[in-house]
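Notes follow the structure.
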Amino acid sequence: MRTPVVVLVAGRVLRQLRRDRRTVVMLLLLPCLLEALLWWVYRDVGEVFDRVGPGLLAVFPFVVMFLVTSVATLRERSSGTLERLLTLPVTRLDLLLGHALAFALVAVVQASLAVATSVGLLGLTLAGPGWLLVVVAVTNAVLGTALGLFVSAFARTEFQAVQFMPVFVIPQLLLCGLLLPRAEMPGTLRAVSDLLPLSYSVDAMAELTRSSATGAVWRDLAVVGCFVVLALGLGAATLRRRTP
């Protein structure tokens with residue numbers, strides 16, 4: 001990895017993203033609006049928002065960044081931009097890390113806004129530190145970015161990338177513990193859930209709502225970080241230099 005090259009790639013991605021204002025608005029405001037909608041749905045049903053809201057703070061950035069990253073990268077491939085970049089002295093890992101860095105910076109703003117909305121405006125109750133909630137949300141967004149880059153490495157069109165969503169995203173939503181606590185799942189489903197990174201993200205969010213101790217949260221973050229590294233490594237290994 002060459003840091004100057006990674007920074008240059010990240011800068012190019014951010015400049016392209018800045019010109020697409022609708023995507024920027026969606027990236028930054030959609031998680032806030034969805035959290036507000038969830039609060040509205042459950043505002044008269046006791047403490048349901050306090051139980052479900054943190055988990056969805058993990059899910060929303062993950063899903064949004066997965067979609068935007070995979071589609072944006074494949075748009076670059078279909079326009080020929082990605083192929084021209086790969087003719088330069090840029091390694092595939094540099095290219096993916098540059099994209100990951102750019103979207104991670106966007107994720108910091110996105111997660112900060114979502115957490116500020118949930119805690120400051122909607123009254124989400126926390127036992128742990130609020131800044132660590134932002135760290136978990138950013139990590140989830142980076143996880144979505146890494147999986148989106150991995151998918152874009154072998155999908156041929158933007159439509160194909162969206163088709164991968166039921167494979168990479170929906171099973172994680174069903175088994176991450178939002179619909180049913182993971183401890184209450186059948187043994188086989190619990191074992192599958194243990195292999196999916198979003199499960200650890202939701203566990204970290206839930207831990208912050210019930211305890212001020214942060215040890216379990218950092219352990220879950222370390223597991224999610226390993227999945228991010230694995231997804232970026234696989235994406236770099238499978239990224240095609242030429243478009244078929």
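None of these values were measured; they are calculated from a predicted model.
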Supply the atom-to-atom distance [X] [atom1] to [Y] [atom2], rounded to the nearest 0.5 angstrom.
X      : Y      : atom1 : atom2 : value
Thr69  : Phe103 : OG1   : CZ    : 4.5 Å
Leu124 : Met205 : CG    : CE    : 9.5 Å
Leu27  : Leu17  : CG    : CG    : 6.0 Å
Leu196 : Leu174 : CG    : CG    : 10.0 Å

Does some side-chain heavy atom of [Y] sit less than 4.5 Å from a side-chain heavy atom of [X]?
X      : Y      : answer
Leu175 : Arg190 : no
Gln172 : Ser199 : no
Leu143 : Phe227 : yes
Trp39  : Leu121 : no

Val109 with Val68, same ILVMFWY side-chain cluster at under 4.5 Å: yes

Is there a path of hydrophobic side-chain contacts, each under 4.5 Å between heavy atoms of I/L/V/M/F/W/Y residues, joining Leu8 to Leu101?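 No; Leu8 is not reachable from Leu101 via cluster members.
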
Can you name the nearest heavy-atom pair linking Cys32 to Thr117, along with the distance? SG-OG1, 3.6 Å

Closest non-hydrogen atom pair between Glu207 and Val217, with its separation: CG-CG2, 3.7 Å

Just jot down the side-chain hydrogen bond (donor to acceptor under 3.5 Å, both in side chains) partners of Ser201, sequence neighbours excluded, or say none.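 Listed in chain order: Asn140.
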
Can you list everything that forms a side-chain hydrogen bond (donor to acceptor under 3.5 Å, both in side chains) with Ser118? Sequence neighbours excluded, please. Glu35

Is a donor on one side and an acceptor on the other found under 3.5 Å between the side chain of Thr209 and the backbone of Ala206?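 Answer holds: yes.
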
